[in-house]
Every structure is written in C-alpha cells, then in structure tokens.
Amino acid sequence: MSNDFAHLHLDNTLYDLPIITGTTGERAIDIRGLLRDTGCITLDSGYMNTGSCQSQITYLDGEKGILRYRGYDIADLAENCLFIEVAYLLLTGELPTLPELEQFKYDMTKYSLVHEDMIHFFDHFPPKASPMSILSTMVGTLHDFYPEMDLDEDPYGGITTTTARLLSKTRTIAAFSYKKNMGHPLIYPRADLSYCANFLHMMFDRPNMPYEIDPVMVSALNKLLILHADHEQNCSTSTVRLVGSAGVRLYPSISAGISALWGPLHGGANAAVMRMLENINADGRDYQKYIDLAKDPNSGYRLTGFGHRVYKTYDPRATIIKKTCHDVLKTQKISDPLLDIALHLEELVSTDDYFIERNLYPNVDFYSGIIYRAMGIPTNMFTVMFALGRLPGWIAHWQEMNLDKESSRIGRPRQVYTGIPDRPFVALADRC
Ligand code: ACO
C-alpha cells in the first residue's frame, strides 16, 4: 500500500484505490468507484469496517479511549459546560459567547411548551405505554404541529427555530411521558429554570407536593446529558442519517433515531443493566453464575453494560460517570446496593481472561442507571434520558448529512444474494 493508494489485485488486473486521511491521521480506503471499475461490491455485515461519511462533529479513538466533540475533550466539556452550551457547540461547531448563550437559553424557555392539542395525545396512550414509544410518536408528530418547511430560515443553519423547538419541546415531552405513565397531572415548564432544572421540575413537581430542586442532581444530570450528546456513527445516529438521506425532514428523522436507540444492544442497555444488577442481587449475589452464563457461547446471555463496537479500552464516558455516581451517592448520603454489585462485578470481570481477551470494559450504560435511580428516575425512563442527551448529536448529523452532497445521497447498501437463483413459475392449481 502506498501513501496515497491501496492496490487491489483482482482477476489479473491491478486497481488503485485512493486513501483518504482524516485530520487525526486515520486512513480509509475509498471504494466508491469499486463497483463501477470491477463489478464487485464489498460485504461488511453490521458495518464493522465501513465508513458511511466524512464528518467534522465527533472524534473517537476506541484504542486510546479518546472522545472529542468538535475538537474539545469530553472530560473538559463535562466538567465545565452546560448541556445547552455543548448542544450549541455540536450544532454550530463553536462554543457560544455569553450573549449567544443567553439567547439560546431564552430560546429554550420560549419554545418549551407543546401545543395544547398535542397534550390530548397523551390521554390516548394505554396507561402503561412505554415512555420511549410515546417519545418517538410525539417527536414525529411535532412535524405536523410545527411545520418545518414553512419557516423562512435555513433548515441546516445550526441553531434555528426548528432545532431550538426540538431541543426544548423534547424535554417537555419526555417529562410528560413520565407523568402520563404515573397517571399524574402534567407539570408545565418554568421560565426561571435552567434546561436540566426545568426537566427535573416537570418530572417531580406535584400540585400537592412541591419538588425542591437539588443543585447536585442538576449538575449530575447536566454531566450525563453532555456525555451522551454525540458518539459519531452509532446505530441511532446512522439511522437518523439514513432516514434523512431519503429527504425526510428533521422531526420524523429524529423519531426514527429514538426508535433505534430503544434496542437493548444500544440505548436500551442502561435499563437492561439495572435488571441484570437486580437479578444478581435477588439471586444471592451469585456473580459467577452470571459471568459463566455470559461466557457460554450457547447461552445467548451477555453482561449488559460491558463491551463496545469501537472502544477496546475503558469507555472515557464510563470513567466520568463512575466518578459522578460515587460523588452523587456520597453527597446525598444514599446507599444503593446496586452500586456495590456493579463495582464487584466490574472487579471480577477485569481479571477474567474471557473479558480481557475480548477487550470488554464497562461502557457508558454501566453506571448511569445508578445515578438516575438516585434522582428518582424510574428504569423505564432511562433510555428516554439517553435520547434527551443524544438529541443535539442527532440534529447536528442530520444537518451535516444534508449539507454534504456526497453523504446526502440516499443511503442504499447492497447485498450478496444467496437465495434460489431462478426457477419456473408454478400455477396455484399445480402446487402440492
Ligand atoms: N458479555 C459477554 N460477552 C460479550 C459481551 C458482553 N457484554 N459483549 C461482547 N461479547 C463477546 C461476544 O460474545 C463475542 O465473543 P466471541 O468472539 O467469542 O464470539 C465478542 O465478545 C465480540 O462481540 P461482538 O458481539 O462481535 O461485538 P460487537 O461489536 O458486535 O457488539 C456490543 C458490541 C453490541 C455493544 C456488545 O459488546 C454487547 O452486546 N454488549 C452488551 C450490550 C450493551 O452494553 N450495549 C450498550 C453498548 S453502548 C451503546 O450503544 C450506547
């Protein structure tokens, strides 16, 4: 392989495939002309090794455990920023100045209500409807209540009325989905509260029992949302891009992303972790039983919260979340047996050859649920929390995809057909 081309030898012909180098030195073999030149496609189930686009939003190095949004290290952002500052960064490419941040805060308040007609929808979901299905449905429906195409603005212009509405209203819808699930009256947003404080207020305030907003919980939530805000071409973000590439507008594209996130192998893992830890607890803390089950290739069982497609070392988000988890429980004087179980499980796994050989470390979902529990957020809301955090990333990718001619081509993978090649038609009367 030369510096600029990879050489492919196929059927006695040598093909030069250009090498594309990213700004941090990662290299990709450009196969876009392969089908035209050779008649061959590439096969890469699960897109293990396929770059679907070039992107300027998030950089991650799975070997070194690096995660950066727009060039800024995730630890610096989580330590020093508000979630909406990070949302601004992801959407525009730059951190906001003070006046820009003030304007953005104002927008978050201005657009925080949802249309009263949408409120009726909440009444017609079954009593125990999943908050994720409510979220996905309602976000898709925003398209009809707030027509995106009618606005006299650049739809891909970073912060727009459309994006600000989506960021603010999704938070309201998320809290309303919880209230609906509880059968409680809806609590409306307040103009004097920050993005995260307002969310906790809408979740936990009650007409007969006012909720006291705790700055420790606000700060922990802020951190969690920042840590989830983007993660380049993961399953849900790729879904948003793929759906958007067919020309679908922002709100329904995001609704599709929410559905993709729901899966237990993706954002649904945070809820599955809690169930796993609870099962271990109920089972007399028989850790080895669960570890052995996960190692048995025939069991189909996995230790949820471990492993990642890209990270082959400790997930940098998990490092920060683990520390935040300790801090929150300590300052709130909460003792949660699930934290002890999680810590012990991690310790056992870290010395087990099976997990060492496969580079299986805790991921972003392993400790986050314990913090949400401390906040009073129930397990069935955990993936909604993830969606709230991931929202700015999804929007930024949808906009970037639409602006880039190459990656805005309709997404359409190929296949290798392995079915029956050809056979004569048999009329219904002759089939036996
Ligand atoms: N427990 C036990 N074994 C595991 C686990 C796990 N959590 N994760 C992977 N493995 C094993 C696999 O069985 C496989 O073993 P083998 O080589 O002997 O067949 C090997 O490690 C590689 O696993 P793959 O499934 O090929 O890895 P992939 O990159 O496709 O999957 C995934 C990544 C889905 C995250 C996987 O590690 C997993 O299922 N983890 C548990 C679910 C989870 O925590 N998901 C959240 C991920 S973070 C996020 O999406 C926000």
Side-chain angles (χ1 to χ4, degrees), residues 43-50 58 60 62-63 65 67 69 74 132 224-240 257-280 287-322 338 341-342 345-372 379 382-394 397:
L43 180 62
D44 183 20
S45 313
Y47 311 121
M48 300 277 288
N49 196 38
T50 294
T58 287
L60 94 83
E63 302 293 329
L67 175 59
Y69 299 161
I74 188 68
M132 277 303 271
L224 282 169
L225 295 186
I226 290 173
L227 293 170
H228 286 85
D230 193 41
H231 212 235
E232 50 116 302
Q233 310 310 319
N234 55 85
C235 177
S236 54
T237 304
S238 298
T239 299
V240 170
I258 293 169
S259 298
L261 188 75
W262 200 350
L265 294 186
H266 190 20
N270 53 15
V273 167
M274 299 317 285
R275 288 191 290 272
M276 175 183 76
L277 298 176
E278 275 160 0
N279 285 341
I280 294 175
Y287 297 92
Q288 204 52 47
K289 174 178 156 188
Y290 289 84
I291 291 173
D292 290 344
L293 207 57
K295 287 159 64 173
D296 176 358
N298 300 316
S299 74
Y301 181 81
R302 289 187 169 194
L303 288 186
T304 311
F306 287 89
H308 196 275
R309 169 61 60 79
V310 184
Y311 290 120
K312 298 306 162 204
T313 181
Y314 214 100
D315 183 333
R317 301 167 299 175
T319 311
I320 303 169
I321 292 175
K322 185 177 173 182
L338 296 195
I341 294 173
L345 186 63
E346 183 193 340
E347 198 185 318
L348 291 174
V349 161
S350 71
T351 54
D352 188 305
D353 286 345
Y354 173 95
F355 293 89
I356 295 169
E357 281 159 18
R358 290 167 181 75
N359 297 311
L360 300 171
Y361 297 90
N363 59 44
V364 67
D365 290 318
F366 192 58
Y367 288 103
S368 59
I370 298 171
I371 308 179
Y372 288 136
T379 309
F382 288 2
T383 313
V384 170
M385 303 307 297
F386 195 149
L388 212 51
R390 185 54 54 87
L391 192 53
W394 286 332
H397 281 276

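Bear in mind that the values here come from a model prediction, so they are computed numbers and not experimental data. Indexing begins at 1, ligand by ligand and atom by atom, following the structure's order. Index from 1, following the sequence.
A donor atom on one side chain and an acceptor atom on the other are found under 3.5 Å apart for Tyr367 and Glu346. Under the 3.5 Å distance criterion, with hydrogens and angles disregarded, no donor-acceptor pair is assigned to the side chains of Asn270 and Ser368.
Here Phe386 has side-chain heavy atoms under 4.0 Å from ligand 1, and that is the only part of it that gets that close. Residue-level proximity to ligand 1 for Asn234 is absent, since no heavy atom of it falls below 4.0 angstrom. Contact annotation for Leu360 and ligand 1: only side-chain heavy atoms (C-beta onward) come within less than 4.0 Å of the ligand.
In terms of protein heavy-atom proximity, atom 45 (N) of ligand 1 is nearest to Leu265 O, 3.1 Å. Protein heavy atom in closest approach to atom 7 (N) of ligand 1: Leu303 O, 2.8 Å. Summary of contacts: the protein heavy atom closest to atom 28 (P) of ligand 1 is Arg309 NE, 3.6 Å. Ranking protein heavy atoms by distance to atom 35 (C) of ligand 1, first place goes to Gly307 O, 3.7 Å. Here the protein heavy atom with the shortest distance to atom 50 (O) of ligand 1 is His266 ND1, 2.9 Å. For atom 23 (O) of ligand 1, the nearest non-hydrogen atom of the protein is Arg302 NH2, 4.0 Å. For atom 48 (S) of ligand 1, the closest heavy atom belonging to the protein is His308 CD2, 3.7 Å.
Between Arg358 and ligand 1, a contact under 3.5 Å exists for at least one N or O pair. The shortest N or O to N or O distance between Asn363 and ligand 1 is below 3.5 Å. No N or O atom of Met48 sits closer than 3.5 Å to an N or O atom of ligand 1. Checked against a 3.5 angstrom limit, the closest N/O atoms of Asp365 and ligand 1 fall outside it. For Phe306, a nitrogen or oxygen atom sits less than 3.5 Å from a nitrogen or oxygen atom of ligand 1, counting backbone and side chain alike. Considering backbone and side-chain atoms alike, Gly267 places every N or O at 3.5 Å or more from each N or O of ligand 1. At least one N or O atom of Gly305 sits closer than 3.5 Å to an N or O atom of ligand 1.
Side-chain contact between Leu388 and Leu225 is present, with at least one heavy-atom pair separated by less than 4.5 Å. Looking at Phe382 and Val273, their side chains never come closer than 4.5 Å, going by heavy atoms from C-beta outward. The closest side-chain heavy-atom distance from Tyr301 to Asp296 is not below 4.5 Å. Here the side chains of Glu63 and Thr313 are not in contact, with every heavy-atom distance at 4.5 Å or above.
Under the 3.5 Å distance criterion, the side-chain polar atoms of Thr237 are left unmatched by any main-chain donor or acceptor of Gln233. Without hydrogens or angle criteria, Tyr69 side chain to Ile226 main chain gives a donor-acceptor distance under 3.5 Å.
Of all the heavy atoms in Ile74 and Pro316, the pair that sits closest is CG2-CB, 4.5 Å. Here the closest heavy-atom approach between residue Tyr314 and residue Ala318 is recorded as CE2-CB, 3.7 Å.
Contact between Tyr354 and ligand 1 is present, with at least one heavy atom of the residue lying under 4.0 Å from the ligand.
Near Ala269, with a cut-off below 4.0 Å to any heavy atom, the atoms of ligand 1 are 43 (C), 44 (O), 45 (N), 46 (C).
Counting heavy atoms of neighbouring residues, nucleotides and ligands inside a 6.0 Å radius, atom OH of Tyr354 exceeds 12 of them.
The aromatic rings of Tyr311 and His231 lie tilted to each other, with the angle between the two planes from 30° to 60°. Classified by interplanar angle (parallel below 30°, tilted 30° to 60°, perpendicular above 60°), the ring pair Phe306/Phe366 is tilted.
For atom 43 (C) of ligand 1, the protein comes within 4.0 Å by at least one heavy atom. For atom 15 (O) of ligand 1, a protein heavy-atom neighbour is present inside the 4.0 Å cut-off. There is no protein heavy atom closer than 4.0 angstrom to atom 19 (O) of ligand 1.
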